[in-house]
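This report concerns only the one structure given below.
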Amino acid sequence: MTRKAEHILNMRPRQWKQQIIIQDNIDEWYLLAILLTGDSGLAERLLDRTLDQVRDTWSFPSRERFSLKPIIKEYRKYHRNNDINYKPIDSSVLLTRLGLLDEKARVAFLLKYYYGFSYKKIAQYLPISVRKTKQIIYASLILWTNNGKLVSIHDIEDVIKKDVSLLKSMMPVNQVLEKKHLYIETRTSRGKAPVIIFILLILFVGGSINQEIIGKTRVSLGPDVYKVYKEGGVLQLGKEIQEKGYTDIYTYPDVENNTLYVQLATPESIENKEEVTSIIESYLKERDMDYQLRYEEINQVVDVELTEEQKAENKRMDMEQEIFELVTSTPYYYTQSYISDQNGESRQLIFSESITEEEETNLKEEIKNIIKKYDLEWDFSFGKVDSGVVEMERAMWDIIPALLEAYMFGEQKYQVYDVYPTYEDDQLKIEIYTELAYATEEDRAKNVDTVKELNRSLHFFLQHEDIQSQFNYVPYEIKIYDINRKEIEFDT
């Protein structure tokens with residue numbers, strides 16, 4: 001009997017069911033991660049996080065319901081905190097055009113035209129309304145086909161399935177999937193290590209907590225988020241390294257195993273290993289943090305002979321990446337949108353209305369110079385948005401590392417797996433997603449104090465004067481969700 005067979009026979013029935021369901025889905029998860037990112041390295045990391053998410057789940061739904069949800073969930077969580085620079089898929093210029101779509105559109109488009117999901121089912125996966133789902137798919141359809149100039153709308157499903165089939169035949173997935181199967185069989189302890197790489201603007205401003213409020217309460221206030229925010233934590237380490245010029249080196253923590261992973265993404269980064277190690281050790285020592293360092297050298301992609309069409313597409317992607325790095329380096333950049341009409345495609349770059357006319361002119365000239373350098377055509381225009389919206393966006397991303405550090409990498413009892421701030425209708429809303437059970441009376445009795453403490457801790461953080469000032473004293477709302485993504489209601 002093989003070692004694997006002995007392992008399966010020794011598992012309890014529910015563990016056996018879990019093993020079978022996960023292994024039934026793992027190949028498709030990896031493929032979807034490749035299609036959503038174009039990056040095999042990132043796809044592996046998303047798959048690792050997905051396995052961490054489902055490995056110790058005991059209440060499994062049916063195979064059909066389980067399906068693609070875990071990998072889509074991890075992709076969307078990662079996208080909220082990181083820019084995903086879509087990499088060209090060498091085997092298909094058309095699949096590479098998925099990089100033109102935004103996060104929701106990519107998911108919706110693939111679920112519709114490759115997996116054959118209904119609009120209703122796609123809406124449940126995202127989750128959004130059926131009407132919104134149809135709008136997203138229609139808009140992405142026009143962009144992806146370039147108004148039907150590249151592919152006839154009637155042939156999309158067949159073309160996608162053919163190109164994905166070719167991609168699957170060319171991907172060196174055997175080694176990856178073998179590693180993932182072994183990963184599930186041998187790792188039984190729970191240990192989430194989400195890869196969170198932040199390129200953030202860190203602004204340190206003064207403030208003091210309302211001591212009068214503290215004096216009136218005797219209950220636990222939970223973790224001191226403000227202290228993490230002011231002093232910095234392990235998640236801010238990545239920003240520290242980036243600011244010192246090492247832009248191809250990333251870090252992420254595995255708190256349960258007390259390990260800090262250092263990813264060396266290029267040959268140059270390997271040469272800088274010793275210098276960066278010194279920076280990391282100094283940073284951790286100053287904050288009294290004790291982590292074992294573990295280095296990961298990301299293998300470089302082997303060069304393959306490309307067609308002229310693929311070379312042209314890669315050239316365009318390189319140009320767009322250079323433009324993206326330029327515009328995001330300004331304090332005015334907000335987002336970008338795609339415009340597709342009878343005249344073709346164009347890009348609208350949206351900036352704060354506070355950008356001066358001179359700065360706008362200079363930026364346009366720099367973009368034109370990049371386009372000229374690559375000898376390509378690239379239609380673009382500038383759009384404006386209220387400066388307050390851009391300031392609020394930056395303020396939200398400014399506090400996220402501290403929130404994640406305190407609730408995901410600090411107190412494990414809160415079981416937080418995502419923090420999602422939004423700003424709409426002149427109100428700040430912070431949504432906290434947990435794995436706390438809250439469906440039955442027994443669940444509520446067990447977890448209500450934890451939920452209240454989590455809520456209270458976040459309230460105290462947001463009441464600091466400098467935090468209030470950073471958000472222009474707008475009203476805020478905190479929503480906490482249970483393991484079923486239902487809002488938890490409780491008396492404060």
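Residues: numbered from 1 along the sequence shown.
- Counted by atom type alone, Glu28 and Tyr115 present one or more donor-acceptor pairs between their side chains at under 3.5 Å.
- Ion pairing between a basic and an acidic side chain is recognised when a charged N comes within 4.0 Å of a carboxylate O; Glu453 and Lys413 show such pairing.
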Subject >> Verdict with supporting geometry, Tyr229 and His464, side chain to side chain donor-acceptor pair (under 3.5 Å) >> reply: CA-CA 11 Å; Tyr229 172 75; His464 282 81; over 6 Å; no

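- Shortest non-hydrogen contact noted between Thr328 and Glu325 is OG1-O, 3.3 Å.
- Inspection of the Thr440 and Asp443 side chains reveals an N or O donor paired with an N or O acceptor under 3.5 Å.
- At a threshold of 4.5 Å between non-hydrogen side-chain atoms, the residues Val474 and Met392 count as touching.
- Asp482 pairs by the salt bridge (Lys or Arg N to Asp or Glu O under 4.0 Å) definition with nothing, not counting sequence neighbours.
- Contact detail for Asn447 and Ala437: the closest heavy-atom pair is ND2-O, 2.8 Å.
- Across all non-hydrogen atoms, the minimal contact from Arg294 to Thr259 is CB-CG2, 3.8 Å.
- Every residue meeting the side-chain contact (heavy atoms from CB on, under 4.5 Å) condition with Glu477, not counting sequence neighbours, appears here in chain and number order: Gln427, Lys429, Lys479.
- With sequence neighbours excluded, no residue satisfies ring-ring contact (aromatic ring centres under 6.0 Å, His included) with Tyr75.
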Original post:
side chain to side chain donor-acceptor pair (under 3.5 Å) between Tyr407 and Ser457: does it pass, once the steps are laid out?
Top reply: CA-CA 10 Å; Tyr407 299 131; Ser457 170; 2.9 Å; yes

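- In terms of the ring-ring contact (aromatic ring centres under 6.0 Å, His included) criterion, residue partners of Tyr333 (sequence neighbours excluded) are, by chain and number, Phe351.
- Each of Leu235, Val416, Val419 was compared with Leu403 under the side chain to side chain contact (heavy atoms under 4.5 Å, CB included) criterion, and only Val419 meets it.
- Between Glu391 and Arg394 there is no salt bridge, since no side-chain N of the basic residue sits under 4.0 Å from a carboxylate O of the acidic one.
- In this structure, CD1 on Ile430 lies 6.0 Å from CD1 on Ile478, to the nearest 0.5 angstrom.
- To the nearest 0.5 Å, atoms OG (Ser118) and CG (Leu111) are separated by 10.0 Å.
- Around the CD atom of Glu487, the shell of radius 6.0 Å holds more than 12 heavy atoms that belong to other residues, nucleotides or ligands.
- Between Asn484 and Ala439 the shortest heavy-atom distance is ND2-CB, 4.5 Å.
- With sequence neighbours left out, Val385 forms a side-chain contact (heavy atoms from CB on, under 4.5 Å) with Tyr334, Ile350, Val389, Val390.
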Original post:
Step by step, would you call Arg347 with Glu320 a salt bridge (charged side-chain N to carboxylate O under 4.0 Å, His left out)?
Top reply: CA-CA 10 Å; Arg347 199 78 54 98; Glu320 292 181 349; 2.9 Å; yes

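- Taking each heavy atom of Ala406 and Val225 in turn, the nearest pair found is CB-CG2, 3.8 Å.
- Contact check on Glu157 versus Lys161 returns a salt bridge, with a Lys/Arg side-chain nitrogen under 4.0 Å from an Asp/Glu carboxylate oxygen.
- Under the ring-ring contact (aromatic ring centres under 6.0 Å, His included) criterion, Tyr481 pairs with Tyr433, not counting sequence neighbours.
- The CD1 atom of Ile432 sits 9.5 Å away from atom CG of Asn455, with the distance rounded to the nearest 0.5 Å.
- The two residues Phe471 and Ile399 make their nearest non-hydrogen contact at CZ-CD1, 3.8 Å.
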